[in-house]
Amino acid sequence: MISVSDYLRDPCGSLSIPYWKALQITLPDNMKILHQREFSEELLRKYDDEVYFRLIHRLQNIQDITQANVYIITASSDKKDIEKIADIINRCYDDIKVDRKYLESLIKTPAYMPSLWIFAAEPNTGEKVGCAIGDYDPQCREMILEWVQVLPEYRRQGIGKFLVQQLLLRSPEEAKFSTVSGKVANLSNPEALYRSCGFEGQDYWHILTEKVQRK
């Protein structure tokens, strides 16, 4: 495991995940995680490959955009809000499902910050049409975007960008930078969204899992 000082010199190029998370996980024997600079096409003979981007924002010149069709609500940690976040996330994916137990586990982590759990709500009805979750690691002074989701029927209206900007504006004063990651092959193209909000970088990570050998 690298040191905090080494991580801070190049957060997105030194680890595929935030430092605080890297301290808590152990990779299974059938998995490798490699930066693009270490990746070789030869590995695809043995491994299945999922590519992720990891981007950084230096928390300078954050644009405070307005959004007439939604407003922001800070989520509480009660059962109703947790279940609504899970519902929004699950309605945004065909291949990912989360539940209340998973979200409650995030609340118990050392990076949990209540003000970084938010909803976008429709102003006329109050219906929650999007959500975003951020973490904050005080050791590295890093704010991390974990989930930013907008219901499919409300996309292409600037709500995702609004949620991202609101999380950036809510970063603690002592925060030095923010990071975000996601699948490169995601059809909704989240990388483009984050870059439009000021995130930058060219760090791509390969999650390699050994192929199942057919008998």
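Keep in mind it's a predicted model, so treat the numbers as computed, not measured. Computed over heavy atoms, backbone and side chain alike; hydrogens, waters and symmetry mates excluded. Residue numbers count from 1 along this sequence.
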**Q** State, with a plain yes or no, whether a side-chain heavy atom of Leu43 is found less than 4.5 Å away from one of Leu34.
**A**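 With C-beta onward as the side chain, the pair touches.
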**Q** For the residue pair Ala120 and Ile159, what are the closest heavy atoms and their distance?
**A** CB-CG2, 3.8 Å
**Q** Can you confirm whether Ile56 sits close enough to Pro11 that some side-chain heavy atom of one is under 4.5 Å from a side-chain heavy atom of the other?
**A**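 Yes. Closest side-chain heavy atoms under 4.5 Å.
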**Q** Pairs under 3.5 angstrom only: tabulate donor-acceptor contacts from the side chains of residues 201-212 to other protein residues two or more places apart or in another chain.
**A**
from: Asp203; atom 1: OD1; to: His35; atom 2: NE2; distance (Å): 2.7
from: Tyr204; atom 1: OH; to: Glu191; atom 2: OE2; distance (Å): 2.6
from: Tyr204; atom 1: OH; to: Arg195; atom 2: NH2; distance (Å): 3.4
from: Trp205; atom 1: NE1; to: Cys12; atom 2: O; distance (Å): 2.9
from: His206; atom 1: ND1; to: Asp49; atom 2: OD1; distance (Å): 3.1
from: His206; atom 1: ND1; to: Asp49; atom 2: OD2; distance (Å): 2.8
from: His206; atom 1: NE2; to: Gln36; atom 2: OE1; distance (Å): 2.5
from: Lys211; atom 1: NZ; to: Leu44; atom 2: O; distance (Å): 2.6

**Q** Sequence neighbours left out, what passes salt bridge (Lys or Arg N to Asp or Glu O under 4.0 Å) with Arg54? Give chain and number order.
**A**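 Per chain and number, Arg54 pairs via salt bridge (Lys or Arg N to Asp or Glu O under 4.0 Å) with Glu142.
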**Q** Look up atom CD in Gln166 and atom OG in Ser171, then write down how far apart they are to the nearest 0.5 Å.
**A**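 It is 11.0 Å, given to the nearest 0.5 Å.
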**Q** Rounded to the nearest 0.5 Å, how far does SG of Cys131 lie from CD of Gln149?
**A**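 Result: 6.0 Å between the selected atoms.
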**Q** Among all residues two or more places apart in sequence or in another chain, which pass the ring-ring contact (aromatic ring centres under 6.0 Å, His included) test with Tyr112?
**A**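 With sequence neighbours excluded, Tyr112 shows a ring-ring contact (aromatic ring centres under 6.0 Å, His included) to Trp117, given in chain and number order.
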**Q** Might you point out which heavy atoms bring Leu168 and Cys197 nearest each other, and give the distance in Å?
**A**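 Shortest heavy-atom separation between Leu168 and Cys197 comes out as CD1-O, 4.0 Å.
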**Q** Quick one: does Phe119's side chain get under 4.5 Å of Val70's, heavy atoms only?
**A** no
**Q** Could you tell me if Ser188 and Arg155 have a donor-acceptor pair between their side chains, going purely by distance under 3.5 Å?
**A** no
**Q** So, taking the atom named CG in Leu103 and the one named OG in Ser77, what distance separates them when rounded to the nearest 0.5 Å?
**A**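 Taking CG in Leu103 and OG in Ser77, the distance rounds to 11.5 Å.
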**Q** Under the criterion side-chain contact (heavy atoms from CB on, under 4.5 Å), I'd like the reasoning laid out for Ile88 against Leu151: C-alpha separation, chi angles, the key distance, then a yes or no.
**A** CA-CA 6 Å; Ile88 291 173; Leu151 292 177; 4.1 Å; yes
**Q** Using a cut-off of 6.0 Å, state whether more than 12 heavy atoms not belonging to Leu187 lie near its atom CG.
**A**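 Counting neighbours around CG of Leu187, 12 or fewer heavy atoms of other residues, nucleotides or ligands fall under 6.0 Å, so no.
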**Q** Determine the minimum heavy-atom distance between Leu167 and Gly134, stating which atoms define it.
**A**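 So the minimum-distance heavy-atom pair works out to CD1-N, 4.2 Å.
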**Q** Do Val184 and Phe39 belong to the same hydrophobic cluster, where Ile, Leu, Val, Met, Phe, Trp and Tyr are linked whenever their side-chain heavy atoms lie under 4.5 Å apart, directly or via other members?
**A**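 Different clusters.
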**Q** Please write out which residues are connected to Ile144 in a hydrophobic cluster, directly or through intermediates, given that two of Ile, Leu, Val, Met, Phe, Trp, Tyr count as joined at side-chain heavy-atom separations below 4.5 angstrom.
**A**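 Other cluster members: Trp20.
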**Q** For the backbone of Ser115 and the side chain of Arg170, can you confirm whether one donor and one acceptor N or O come within less than 3.5 Å of each other?
**A**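 The answer is yes, because a donor-acceptor pair under 3.5 Å joins these two groups.
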**Q** Once rounded to the nearest 0.5 Å, what's the spacing between atom NZ of Lys46 and atom CG of Asn30?
**A**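 Taking NZ in Lys46 and CG in Asn30, the distance rounds to 10.0 Å.
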**Q** Could you name each residue pair satisfying ring-ring contact (aromatic ring centres under 6.0 Å, His included) that touches residues 42-96, not counting sequence neighbours?
**A**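 Applying ring-ring contact (aromatic ring centres under 6.0 Å, His included) to every pair that reaches into residues 42-96, excluding sequence neighbours, yields His57-Phe199.
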**Q** Could you pull out every donor-acceptor pair under 3.5 Å between side chains of residues 62-69 and any protein atom, sequence neighbours left out?
**A**
from: Gln67; atom 1: NE2; to: Gln157; atom 2: O; distance (Å): 3.2
from: Gln67; atom 1: NE2; to: Gly158; atom 2: O; distance (Å): 3.1
from: Asn69; atom 1: ND2; to: Gln157; atom 2: OE1; distance (Å): 2.8

**Q** Roughly how far, to the nearest 0.5 Å, is CD1 of Ile85 from CG of Leu106?
**A**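 Spacing of CG (Leu106) from CD1 (Ile85) equals 9.5 Å.
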**Q** Please list all pairs passing the salt bridge (charged side-chain N to carboxylate O under 4.0 Å, His left out) test where one or both residues lie in residues 82-97, with sequence neighbours left out.
**A**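 Qualifying pairs: Glu83-Arg100, Lys84-Asp87, Asp87-Arg91, Arg91-Glu153, Asp95-Lys183.
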**Q** Write out all pairs satisfying salt bridge (charged side-chain N to carboxylate O under 4.0 Å, His left out) with one or both partners inside residues 106-122, taking only residues at least two apart or from two chains.
**A** none
**Q** Taking only residues two or more places apart in sequence, or in another chain, which ones meet Glu42 in a salt bridge (Lys or Arg N to Asp or Glu O under 4.0 Å)?
**A**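 Once residues adjacent in sequence are excluded, the partners of Glu42 under the salt bridge (Lys or Arg N to Asp or Glu O under 4.0 Å) criterion are Arg45.
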**Q** Assigning hydrophobic clusters by single linkage (Ile, Leu, Val, Met, Phe, Trp, Tyr; side-chain heavy-atom cutoff under 4.5 Å), is Val180 placed with Leu15?
**A** no
**Q** Does Ser178 reach the side chain of Leu145, with side-chain heavy atoms less than 4.5 Å apart?
**A**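 When only atoms from C-beta onward are counted, Leu145 and Ser178 do touch, with a gap below 4.5 Å.
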**Q** Can you confirm whether Leu163 sits close enough to Ile72 that some side-chain heavy atom of one is under 4.5 Å from a side-chain heavy atom of the other?
**A** yes
**Q** Taking only residues two or more places apart in sequence, or in another chain, which ones meet Lys21 in a salt bridge (Lys or Arg N to Asp or Glu O under 4.0 Å)?
**A** Glu146
**Q** Do Ser181 and Ile17 come within less than 4.5 Å of each other through their side chains, counting heavy atoms only?
**A**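 They are not in side-chain contact.
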**Q** Is it the case that one hydrophobic cluster holds both Val164 and Phe177, taking links as side-chain heavy atoms less than 4.5 Å apart, direct or via other members?
**A** no
**Q** Locate the shortest heavy-atom distance separating Ile33 from Ser16; write the atom from each residue and the value.
**A** CG2-OG, 3.5 Å
**Q** Tell me the closest heavy-atom pair linking Pro114 and Thr74, and the distance in Å.
**A** O-CG2, 3.8 Å
**Q** Which residue pairs pass the salt bridge (charged side-chain N to carboxylate O under 4.0 Å, His left out) test with at least one member in residues 171-181, sequence neighbours excluded?
**A**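 Qualifying pairs: none.
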**Q** Can you check whether Lys32 reaches Leu27 side chain to side chain, under 4.5 Å on heavy atoms?
**A** no
**Q** For the atom pair CG (Leu8) and CD (Gln139), what is the distance rounded to the nearest 0.5 Å?
**A** 8.5 Å
**Q** Between Asp135 and Met143, is any pair of side-chain heavy atoms under 4.5 Å apart?
**A** no
**Q** Go through the structure and list residues passing ring-ring contact (aromatic ring centres under 6.0 Å, His included) with Tyr19, not counting sequence neighbours.
**A** Tyr7
**Q** Are the side chain of Arg37 and the backbone of Gly13 linked by a donor-acceptor contact shorter than 3.5 Å?
**A**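 Checking the backbone N and O of Gly13 against the side chain of Arg37, a donor-acceptor pair under 3.5 Å is found.
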